[in-house]
Each structure stands twice: as C-alpha cells, then as structure tokens.
Amino acid sequence: MTDSSEALFIGGRSGVGKSSAAYELHSQLSSRDVRHCLIEGDNLDMAHPLPWVHGLAEKNLAAMWKNYRELGYRRLIYTNTVSVRLTQQLATAMGDKPKIIAVLLTANDKTAYNRLAGRETGSELDAHYGRSQTAARDLDLHTPPWVHRVSTDGRSPTDVAATILALTGWTHRLPA
C-alpha cells in the first residue's frame with residue numbers, strides 16, 4: 001500500500017457551507033469507492049474555556065489520524081473555519097507529511113445570514129452572524145494566496161463538492 005497521504009482542508013466563515021460541501025464530497029467519493037475519511041475540526045476542540053490554548057484540536061487530530069492510518073486511510077477531508085490558515089500546523093499534527101490541498105469557501109453576507117438563520121435559533125443568531133462577518137474579513141485578508149477560493153453563493157452543495165473534487169483529483173482509488 002502506498003505510504004503517502006493527502007489532506008484537504010476546507011475553511012470558510014460560518015454559514016458558507018463547509019459541512020454541507022464536505023458531506024456531499026464524502027458522498028461523491030464514496031460512490032466512486034475512493035477511500036477517505038472526514039473529520040469536522042470544530043468537534044476536536046469544542047470545549048469551554050479556551051481549548052485552543054492547549055492545542056487540543058491538533059492533539060485530537062493526531063490521535064484520530066493515527067487510527068485512520070492504521071486502517072489504511074490516506075486521504076483526509078478536514079473542515080474548520082480557519083483550517084486554511086493553519087495547514088502546516090494541522091499537517092504536522094498528522095505526522096506523515098501529507099500533500100496539502102486547501103479550499104476557502106466564500107459567501108456574501110446575505111447568503112451566510114440566510115444559512116445561519118436556517119439553523120440558529122434564539123439570541124445566538126445575531127452574535128453568530130457577527131462572528132461570521134469578522135471571520136470572513138479575517139480569512140479574506142490572511143489566507144495564503146495559494147489556497148483555492150470557491151464561492152458558494154447560489155450554488156448547491158452538490159455543485160460545490162464537484163468543484164472541490166476536481167481540485168483534489170481524487171477521482172480514483174489509491175494503489176494498494
């Protein structure tokens with residue numbers, strides 16, 4: 001089996017469609033029998049207070065990736081708002097020097113607000129939307145230029161995932 005691995009980091013503001021695109025990409029890859037795994041990075045350090053101070057996401061990614069590697073997985077889809085800015089740290093946590101592909105999903109304010117309004121309830125919507133706007137500005141300013149940008153405005157998760165799939169080239173199984 002090949003030892004090389006590949007990591008696809010999908011980032012973007014809240015409401016941009018990261019999870020929807022990733023789950024659809026998982027579906028498209030599965031239908032092609034392309035071996036891969038999907039990790040929602042937000043779940044790796046969802047704690048209070050301040051889990052990022054301790055590098056919890058990286059530690060948990062390292063543990064999970066070790067388990068996937070032992071089972072023969074070599075392709076990782078990883079979603080997290082800022083993952084496209086932390087590709088080297090995340091790749092280092094993986095421990096096996098993966099080939100890195102990064103995609104920043106973008107959406108205008110109206111699209112992001114409407115998506116957030118569809119899933120947020122109560123008083124959190126405005127706060128979440130404010131954080132989303134801040135993240136969008138920060139990502140736009142500080143994401144490296146080599147990262148692919150893909151707009152999700154007016155597009156279905158199926159279409160966005162197909163665009164990402166074309167960027168990865170993961171249309172076939174890795175050699176055993």
Side-chain angles (χ1 to χ4, degrees), residues 1-46 51-52 55-107 112 115 119 132 135-136 139 143-144 146-153 155-176:
M1 181 175 288
T2 182
D3 246 3
S4 62
S5 66
E6 299 173 82
L8 167 62
F9 298 109
I10 301 174
R13 70 187 292 175
S14 296
V16 77
K18 295 179 299 293
S19 296
S20 296
Y23 285 117
E24 175 58 29
L25 181 58
H26 166 71
S27 178
Q28 291 180 21
L29 289 167
S30 297
S31 71
R32 290 176 167 85
D33 198 27
V34 174
R35 186 176 213 152
H36 67 283
C37 64
L38 167 60
I39 297 175
E40 285 274 356
D42 287 346
N43 295 327
L44 295 184
D45 65 355
M46 189 175 286
W52 53 88
L56 189 58
E58 291 84 356
K59 289 176 185 176
N60 286 336
L61 174 60
M64 289 179 74
W65 184 242
K66 178 182 179 283
N67 293 331
Y68 280 117
R69 286 284 292 188
E70 286 176 2
L71 295 173
Y73 291 89
R74 300 295 180 260
R75 289 177 169 156
L76 166 67
I77 302 166
Y78 184 91
T79 64
N80 177 270
T81 299
V82 296
S83 64
V84 294
R85 292 187 48 216
L86 304 173
T87 57
Q88 291 305 314
Q89 294 95 313
L90 294 167
T92 298
M94 290 172 68
D96 61 358
K97 299 181 183 174
K99 174 188 171 193
I100 297 172
I101 304 153
V103 177
L104 174 62
L105 298 181
T106 64
R115 289 179 181 156
R119 72 176 194 228
S132 177
L139 287 163
T143 298
W146 63 267
V147 173
H148 301 279
R149 268 85 170 158
V150 174
S151 173
T152 65
D153 292 317
R155 298 177 71 190
S156 70
T158 303
D159 185 39
V160 172
T163 299
I164 296 171
L165 180 59
L167 293 171
T168 66
W170 294 357
T171 57
H172 62 281
R173 299 171 83 187
L174 289 174

### Query
Please walk me through it: do Asp159 and Ser156 pass side-chain contact (heavy atoms from CB on, under 4.5 Å)?
CA-CA 5 Å; Asp159 185 39; Ser156 70; 3.5 Å; yes
### Query
Passes side chain to side chain donor-acceptor pair (under 3.5 Å), Thr168 versus Glu6? Steps please.
CA-CA 9 Å; Thr168 66; Glu6 299 173 82; over 6 Å; no
### side chain to side chain donor-acceptor pair (under 3.5 Å) evaluation trace for Arg13 with Ser132
CA-CA 5 Å; Arg13 70 187 292 175; Ser132 177; 2.7 Å; yes
#### Entry: Test side-chain contact (heavy atoms from CB on, under 4.5 Å) applied to Tyr78 and Thr87, step by step
CA-CA 10 Å; Tyr78 184 91; Thr87 57; over 6 Å; no
### Query
Hey, mind stepping through Val34 and Arg75 against side-chain contact (heavy atoms from CB on, under 4.5 Å) and telling me if it holds?
CA-CA 9 Å; Val34 174; Arg75 289 177 169 156; 3.2 Å; yes
### Message
side-chain contact (heavy atoms from CB on, under 4.5 Å) for Asn60 and Trp65? Distances and angles first, verdict last.
### Response
CA-CA 8 Å; Asn60 286 336; Trp65 184 242; over 6 Å; no
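Between Ala135 and Thr81, the shortest heavy-atom distance links the atoms CB-CG2, 4.2 Å. When every heavy atom of Asp153 is checked against every heavy atom of Ala107, the shortest pair comes out as OD1-CA, 3.4 Å. The two atoms that bring Gly15 and Arg119 nearest to each other are N-NH2, 3.8 Å, heavy atoms only. Closest heavy-atom contact between Val160 and Ser151: CG2-O, 4.5 Å. Annotation for Val84 and Gly11: closest pair CG1-N, 3.5 Å, computed over non-hydrogen atoms. When all heavy atoms of Ala22 and Leu38 are compared, the pair lying nearest together is CB-CD1, 3.7 Å.
In this structure, Val147 and Pro144 have side chains that are in contact, with non-hydrogen atoms separated by less than 4.5 Å. Residues Met64 and Leu44 form a side-chain contact, since some pair of their non-hydrogen atoms from C-beta on lies under 4.5 Å apart. Annotation: side chain of Leu61 is in contact with side chain of Ile39 (closest heavy-atom distance under 4.5 Å). For the pair Ile77 and Cys37, the minimum side-chain heavy-atom distance is 4.5 Å or more. Contact of the Val103 side chain with the Thr163 side chain is not registered, since no non-hydrogen atoms from C-beta on lie closer than 4.5 Å. Two residues are said to be in side-chain contact when any heavy atoms from C-beta on lie closer than 4.5 Å; Trp170 and Ile101 meet this criterion. With contacts defined as side-chain heavy-atom distances shorter than 4.5 Å, the pair Ser19/Glu24 does not qualify. The closest side-chain heavy-atom distance from Ser4 to Lys99 is not below 4.5 Å.
Within a 6.0 Å sphere centred on NE2 of His26, heavy atoms belonging to other residues, nucleotides or ligands number 12 at most.
Distance check, rounded to the nearest 0.5 Å: CG of Leu105 to NZ of Lys18 gives 7.5 Å. Note that the CG atom of Asp42 and the CG atom of Asn80 stand 5.0 Å from one another [nearest 0.5 Å]. His172 contributes atom NE2, which lies 12.5 Å from atom CG of Asp33 (distance to the nearest 0.5 angstrom). Note: Ile10 CD1 to Leu25 CG = 6.0 Å, rounded to the nearest 0.5 Å. To the nearest 0.5 Å, atom OH of residue Tyr68 and atom NE2 of residue His36 are 9.5 Å apart. With rounding to the nearest 0.5 angstrom, the CG atom of Leu90 is 8.5 Å from the CD1 atom of Ile100.
If you check the side chains of Thr152 and Arg115, you find a donor sitting under 3.5 Å from an acceptor.
Judged as a salt bridge (Lys or Arg N to Asp or Glu O under 4.0 Å), the pairs with a partner in residues 79-93 (not counting sequence neighbours) are, in order, Arg85-Asp138.
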